[in-house]
Amino acid sequence: MNVTTLKRKLDLTPKPAAPVVALPPRTPDRLAPWRKRGRALVDAVLPPLVVLVVLLTIWQVGASGEGSGLPTPVQVWIDSGFLFMEPFYVYGTQDIGLGWRVLTSLERVFYGFGLAAVVGVLTGAVIGQSALMMRGFDPIFQILRTVPPLAWLPISLAAFMDSGPSAIFVIFITAIWPVIINTAAGVRAIPQDYRNVAAVLRLNQVEFFWKIMVPAAAPYIFSGLRIGVGLSWLAIVAAEMLTGGVGIGFFIWDAWNSSRLSDIIVALAYIGGTGFILDRLVGWIGRVVSRGTAV
Amino acid sequence: MKYLQIEHLSKTFVNGAKTAHVLSDINLTIEKGEFVSIIGHSGCGKSTLLNLIAGLTDVTTGGILLDGREVNAPGPDRAVVFQNHSLLPWLSVYDNIKLAVTKVFGSSKTKAQRHDWIMQNLDLVQMSHAADKRPAEISGGMRQRVGIARALAMEPKVLLLDEPFGALDALTRAHLQDAVMDIHSRLGNTMIMITHDVDEAVLLADRIVMMTNGPAATIGEVLTVPLARPRDRIALASRPDYVKAREAVLRFLYERHRFVEAAE
Ligand SMILES: Nc1ncnc2c1ncn2[C@@H]1O[C@H](COP(=O)(O)OP(=O)(O)O)[C@@H](O)[C@H]1O
Ligand SMILES: [Mg+2]
């Protein structure tokens, strides 16, 4: 160690304190949080908007050529813009706005998916409780899960004879598999500690289901329900090919049969938007319900 | 008076073709109101023994009698405080205890009595201030306090504690040891506590059960701790009988039954 370092080490004289600068009084900026929120909104909305415009432009250019089978976005707007602008018109029993049609279809999905949710969670809970059942059932469910909704149509019709229940069954059978599979996985993942607590307290099956299983497996159950609601909405077109009537799915089928391509495109936008909202809704409910489950 | 009797108890786990002979010929008698510590090296079968007493694991041979009745299923008369608190994270501190109290006293106490009983037990572990908090919002030591309150609220015949303070820092651990000693002197519960901390065992226990290493572990020695209660950790530290007891346990663990890592 040389002398300079020693000196530096021994230099214990107090440093002069930094000069105190009076901060200018801050004017309370009441708009600041709003500005922040506004910027966040722009950040969230602007990029998809730009992408949408770019895609529409490409579509417009690509579909403008002679002999193109697809209408351009501008053509769609001219043909079917009123479907966008007036979702809730009623001109006759069969001639109603797409908003009404979506609601009709949602009712159908509500029954089919509701049934799938209840049956799926209960079945998943039973199967998840036993390693043996899990091993037996899981591969079967994994296979059934991949069967497309259209393929269930004939089976469903043959089983129910009637188009109404068949349509609901198609939605049910499409949506139930991820609910069962995820619930069972969630039940398997319940920590042994919680089971021990339940055992010491001598909780019966029903108490165990409501007090331990459902809250403990809630994140799994809701991710299953979220996939399920998406699938059941996907099945709506297939289901309404059976029932006819005024649903949005049948509207597409009908428009296709009478070659109204522009109408189909508008209906697709409705279906996509509704599916998106359903997905977010179930996701949100799941977050609220399973708040506190994960530690 | 023989309150808890363990006779010729052995436990073999069978997992397909694999069998693990974990405990062999355990004999132990515990009096009412006694505080017994079980100490032994990691993996020797302490938790297995506690789970057998709790009824969470089935006995292979031998038997356990509590207050004249055979133990063959779990129940609130043998409340367990688990190593990692095992509070239900989606329930508040109050609701965690309420779940137990409603189950055990649902028919014998009125709603108001049950509320008072919950608060009384929270007071006992000095946690009534956090009644509405979720387990995630309180510290590890506090969670363990609530775990103890939940177990006490079942008014068990025997309170079983499986290394309850193993994951806590030394200072928090000392506080909780004092709390447990205080509860034991006030309520006179019968308690069995697993630990791997020699000081903890000597400080808290009337008797220390020392287990040999596995496989086929058994009770190697039982040491009676003759120290008068209430015990004070600072005053004890220099007392010859405390030092002697501590040394006896250390000798057992590190001379006669050294932990051999390779034996696992
Ligand atoms: N369910 C089980 N199946 C098979 N072996 C087990 C099981 N539970 C515990 N064991 C074995 O029993 C031995 C003792 O475990 P444990 O009682 O947890 O020890 P300790 O609590 O003393 O650390 C370990 O070797 C462990 O692998
Ligand atoms: Mg253990």
Side-chain angles (χ1 to χ4, degrees), chain A residues 121 124-125 128-136 182-183 185-226 282-295, chain B residues 15-16 47 50-51 53-58 71-93 95-106 132-138 140 143 146-147 150-162:
Chain A
V121 168
Q129 279 289 66
S130 142
L132 189 67
M133 283 223 261
M134 191 79 175
R135 251 180 291 153
N182 279 273
T183 303
V187 169
R188 288 236 65 75
I190 296 175
Q192 186 60 40
D193 278 337
Y194 301 169
R195 295 181 182 278
N196 286 345
V197 169
V200 168
L201 288 176
R202 294 213 182 111
L203 298 186
N204 61 38
Q205 300 268 319
V206 177
E207 288 168 327
F208 183 74
F209 178 79
W210 286 113
K211 302 228 153 105
I212 309 278
M213 206 186 263
V214 169
Y220 287 83
I221 294 175
F222 273 93
S223 76
L225 290 177
R226 197 167 166 182
V282 175
W284 177 77
I285 295 173
R287 266 201 306 286
V288 171
V289 169
S290 54
R291 169 181 46 106
T293 295
V295 157
Chain B
N15 242 339
S47 294
L50 203 82
N51 286 344
I53 300 171
L56 292 167
T57 309
D58 290 332
V71 167
N72 48 20
D77 57 336
R78 284 151 288 126
V80 188
V81 178
F82 298 96
Q83 179 161 11
N84 35 2
H85 75 81
S86 68
L87 299 175
L88 304 176
W90 54 87
L91 295 180
S92 68
V93 162
D95 287 338
N96 262 286
I97 300 178
K98 189 176 155 201
L99 179 68
V101 170
T102 312
K103 192 61 195 164
V104 179
F105 299 107
D132 295 326
K133 292 236 164 74
R134 302 258 181 147
E137 296 166 339
I138 57 179
R143 280 180 219 152
V146 177
R150 177 175 62 183
L152 287 171
M154 299 177 208
E155 221 163 45
K157 288 179 175 162
V158 189
L159 185 62
L160 306 170
L161 305 108
D162 189 353

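Residue numbers start from 1 in every chain, and the chains themselves are labelled A, B, ... in the order their sequence lines are given, proteins ahead of strands.
- In terms of heavy-atom pairs under 4.5 angstrom with chain A, the leader among B/Lys103, B/Glu137, B/Arg150, B/Met154 is B/Lys103.
- Residues B/Ile53 and B/Val71 are not in side-chain contact: their nearest non-hydrogen atoms beyond the backbone lie 4.5 Å or more apart.
- Neither the backbone nor the side chain of B/Ala54 comes within contact range of chain A; no heavy atom of the residue lies under 4.5 Å from a heavy atom of that chain.
- Contact check for A/Val121 versus A/Phe209: side-chain heavy atoms found under the 4.5 Å cut-off.
- When atom types are taken as modelled, the side chain of A/Arg202 and the backbone of B/Pro76 share no donor-acceptor pair closer than 3.5 angstrom.
- When B/Val80, B/Leu87, B/Asn84 are compared by the number of non-hydrogen pairs under 4.5 Å with chain A, B/Asn84 comes out ahead.
- Both the backbone and the side chain of B/Arg78 come within less than 4.5 Å of a heavy atom of chain A.
- Rounded to the nearest 0.5 angstrom, A/Asn182 CG and A/Leu225 CG are separated by 8.5 Å.
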